[in-house]
Every structure is written in C-alpha cells, then in structure tokens.
**Q** 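Here it is, the structure, as structure tokens.
Just so it is clear, the model here is predicted, and its values are computed rather than measured.
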Amino acid sequence: QVQLVESGGGLVQAGGSLRLSCAGSGRSFSNDNMAWFRQAPKKEREFVAVINWNGRNTFYVDSVKGRFTISRNNAENTAYLQMNSLKPEDTAVYFCAADAYSWGAASYQYWGQGTQVTVSS
C-alpha cells in the first residue's frame with residue numbers, strides 16, 4: 001500500500017518553530033516532486049511549498065517565504081517542512097503530496113492524511 005504519513009505537528013506559541021515530516025512507504029518517491037499544502041478551518045486547501053526530485057529547486061507561497069524551508073532525504077523516502085517564526089495565521093492541517101510531474105498548486109497523485117499545526121498568540 002502506497003502511503004504518505006505526516007508527523008511533527010502540534011501546538012506552539014507565535015514566533016516558535018516546528019518541523020514536519022512526510023514519510024513515504026510502499027514505493028520510492030525519489031523521482032517525484034513533493035509538496036506541502038495546508039487547510040485552515042472553513043478555508044480552501046492552500047499550496048505552501050514544493051521541492052523537485054533532487055532537491056535543487058523549490059517554490060513557496062509568498063506568505064511563508066523566508067520563514068519555511070522545504071527539504072527532502074531520498075535515502076529515507078522523506079520530505080520535511082521546517083517552519084520558523086510561526087504566526088497564528090499558520091494554524092491549519094498540513095498535508096504532504098507527491099507527484100512525478102505536478103509543480104506548485106497543481107493536483108498531486110499521492111496525499112497524506114494531514115497533521116494539525118496550531119499557533120497560539
């Protein structure tokens with residue numbers, strides 16, 4: 001069974017940091033672009049960041065540039081999202097996604113179940 005499993009979410013105060021992980025299983029994702037999305041209550045899902053298969057290219061939504069960093073470790077079949085200087089408006093369920101061809105906010109073939117991030121003011 002092919003899966004993406006997120007972890008690392010939690011409750012943090014504004015200005016704090018969290019590191020999310022997205023572990024793949026059932027197949028190698030080393031040739032896929034991997035992305036992070038988020039969905040806040042009563043809002044549509046929003047693209048956050050994407051990284052290409054070898055980690056050399058990344059792209060971020062403007063609201064997280066300079067605060068969030070996406071990375072990956074293909075040997076561990078895992079992607080990460082380091083989130084610094086968190087703000088209450090970053091509160092959302094964060095999802096990882098993977099696809100061989102999609103980039104940015106396009107649709108992705110594989111999705112995780114999400115991890116909750118809550119930033120208190």
Side-chain angles (χ1 to χ4, degrees):
Q1 183 180 3
V2 178
Q3 282 188 313
L4 292 172
V5 179
E6 302 93 336
S7 62
L11 174 64
V12 63
Q13 289 188 334
S17 297
L18 283 174
R19 188 192 195 204
L20 304 184
S21 298
C22 171
S25 62
R27 71 184 280 276
S28 171
F29 289 94
S30 61
N31 293 319
D32 291 66
N33 300 325
M34 298 192 74
W36 288 94
F37 288 75
R38 64 186 179 186
Q39 187 166 19
K42 301 182 181 179
K43 292 190 177 180
E44 292 188 354
R45 187 166 59 194
E46 174 190 33
F47 165 79
V48 175
V50 62
I51 188 167
N52 79 322
W53 69 274
N54 63 9
R56 293 179 181 174
N57 292 310
T58 59
F59 180 67
Y60 299 88
V61 67
D62 285 348
S63 60
V64 307
K65 284 181 181 177
R67 300 189 299 121
F68 290 11
T69 302
I70 189 170
S71 62
R72 66 189 298 161
N73 184 328
N74 286 340
E76 296 182 351
N77 215 23
T78 300
Y80 303 95
L81 186 68
Q82 177 67 44
M83 306 186 295
N84 298 329
S85 302
L86 282 161
K87 305 175 181 180
E89 51 264 43
D90 294 318
T91 295
V93 177
Y94 283 71
F95 300 88
C96 70
D99 192 278
Y101 303 105
S102 293
W103 188 253
S107 62
Y108 288 73
Q109 182 175 6
Y110 301 100
W111 290 87
Q113 83 291 345
T115 186
Q116 176 70 48
V117 171
T118 303
V119 184
S120 63
S121 57

**Q** Do I51 and Y80 share a hydrophobic cluster (ILVMFWY, side-chain heavy atoms under 4.5 Å, transitive)?
**A**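 Different clusters: I51 never reaches Y80 through Ile, Leu, Val, Met, Phe, Trp or Tyr contacts under 4.5 Å.
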
**Q** Of all the heavy-atom pairs spanning A49 and L81, show the shortest one and how long it is.
**A**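 Minimum heavy-atom separation between A49 and L81: CB-CD1, 4.4 Å.
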
**Q** Do E46 and S63 touch side chain to side chain, with heavy atoms closer than 4.5 Å?
**A**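 Of all side-chain heavy-atom pairs linking S63 with E46, at least one is under 4.5 Å.
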
**Q** Between D32 and M34 (side chain of the first, backbone of the second, donor and acceptor by atom type, cut-off under 3.5 Å), is there such a pair?
**A**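 No; judged by distance alone, with no hydrogens or angles, the pair does not exist.
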
**Q** I need the minimum non-hydrogen distance between R72 and F29, along with the two atoms involved.
**A**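 For R72 versus F29, the nearest heavy atoms are NH2-O, 2.8 Å.
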
**Q** Could you pull out the closest heavy-atom pair between A35 and F37, with the gap in Å?
**A**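 Here A35 and F37 meet closest at CB-CE1, 3.8 Å.
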
**Q** How long is the gap from SG on C96 to CZ on R38, to the nearest 0.5 Å?
**A**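 So the SG of C96 and the CZ of R38 are separated by 15.5 Å.
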
**Q** Please evaluate residues Y108 and L4 with respect to the criterion side-chain contact (heavy atoms from CB on, under 4.5 Å), reporting the C-alpha separation (whole Å), side-chain torsions for both, the decisive distance (0.1 Å), and the verdict.
**A** CA-CA 12 Å; Y108 288 73; L4 292 172; over 6 Å; no

**Q** What heavy-atom pair brings F59 and G104 nearest, and what distance separates the two atoms?
**A**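 F59 and G104 have their closest heavy atoms at CD2-CA, 4.4 Å.
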
**Q** Is a donor on one side and an acceptor on the other found under 3.5 Å between the side chain of N52 and the backbone of N57?
**A**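 Side chain of N52 to backbone of N57, a donor-acceptor pair under 3.5 Å: yes, one is there.
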
**Q** NZ of K65: more than 12 outside heavy atoms within 6.0 angstrom?
**A**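 For K65, atom NZ is crowded (more than 12 foreign heavy atoms under 6.0 Å).
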
**Q** For G114, is there any backbone N or O sitting under 3.5 Å from a side-chain donor or acceptor partner on E6?
**A**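 Checking the backbone N and O of G114 against the side chain of E6, a donor-acceptor pair under 3.5 Å is found.
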
**Q** If you compare all heavy atoms of E76 against all heavy atoms of T78, which two are closest, and at what distance to 0.1 Å?
**A**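 Smallest heavy-atom distance, with atoms named: O-OG1, 2.8 Å.
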
**Q** Does CH2 belonging to W53 count more than 12 external heavy atoms closer than 6.0 Å?
**A**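 Not buried by this count: 12 neighbours or fewer within 6.0 Å.
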
**Q** On a heavy-atom basis, which atom in S121 and which in A14 lie closest, and how many Å separate them?
**A**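 Looks like CA-CB, 4.4 Å.
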
**Q** Does the T91 side chain pair with the main chain of V119, one donor and one acceptor, at a distance under 3.5 Å?
**A**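 Present.
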
**Q** Would a distance-only check, ignoring hydrogens and angles, find a side-chain to backbone donor-acceptor pair under 3.5 Å from R67 to S85?
**A**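 Answer holds: yes.
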
**Q** For the pair N77 (side chain) and G24 (backbone), establish whether a donor and an acceptor sit closer than 3.5 Å, ignoring hydrogens and angles.
**A**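 Checking the backbone N and O of G24 against the side chain of N77, a donor-acceptor pair under 3.5 Å is found.
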
**Q** Kindly say whether S28 contributes a backbone atom to a donor-acceptor pair with the side chain of S30 at under 3.5 angstrom?
**A**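 Here the side-chain-to-backbone pair does not exist.
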
**Q** Might you work through the side-chain contact (heavy atoms from CB on, under 4.5 Å) test for M83 and W36, ending with a clear yes or no?
**A** CA-CA 12 Å; M83 306 186 295; W36 288 94; over 6 Å; no

**Q** Does this structure show an ion pair linking K87 with D90, if we count only N-O contacts that are shorter than 4.0 Å?
**A**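 Not counted as a salt bridge, because no side-chain N and carboxylate O are separated by less than 4.0 Å.
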
**Q** State whether the side chain of S102 and the backbone N or O of S107 hold a donor-acceptor pair below 3.5 Å, judged by distance alone.
**A**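 It does hold such a pair.
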
**Q** Got a second to check how far N54's CG is from N74's CG, nearest 0.5 Å?
**A**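 Reported value, rounded in 0.5 Å steps: 8.0 Å.
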
**Q** Could you go through the side-chain contact (heavy atoms from CB on, under 4.5 Å) check for L18 and F68 one step at a time?
**A** CA-CA 10 Å; L18 283 174; F68 290 11; over 6 Å; no

**Q** Would you say the side-chain atoms of Y60 pair up with the backbone N or O of I70, donor to acceptor, closer than 3.5 Å?
**A**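 Answer holds: yes.
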
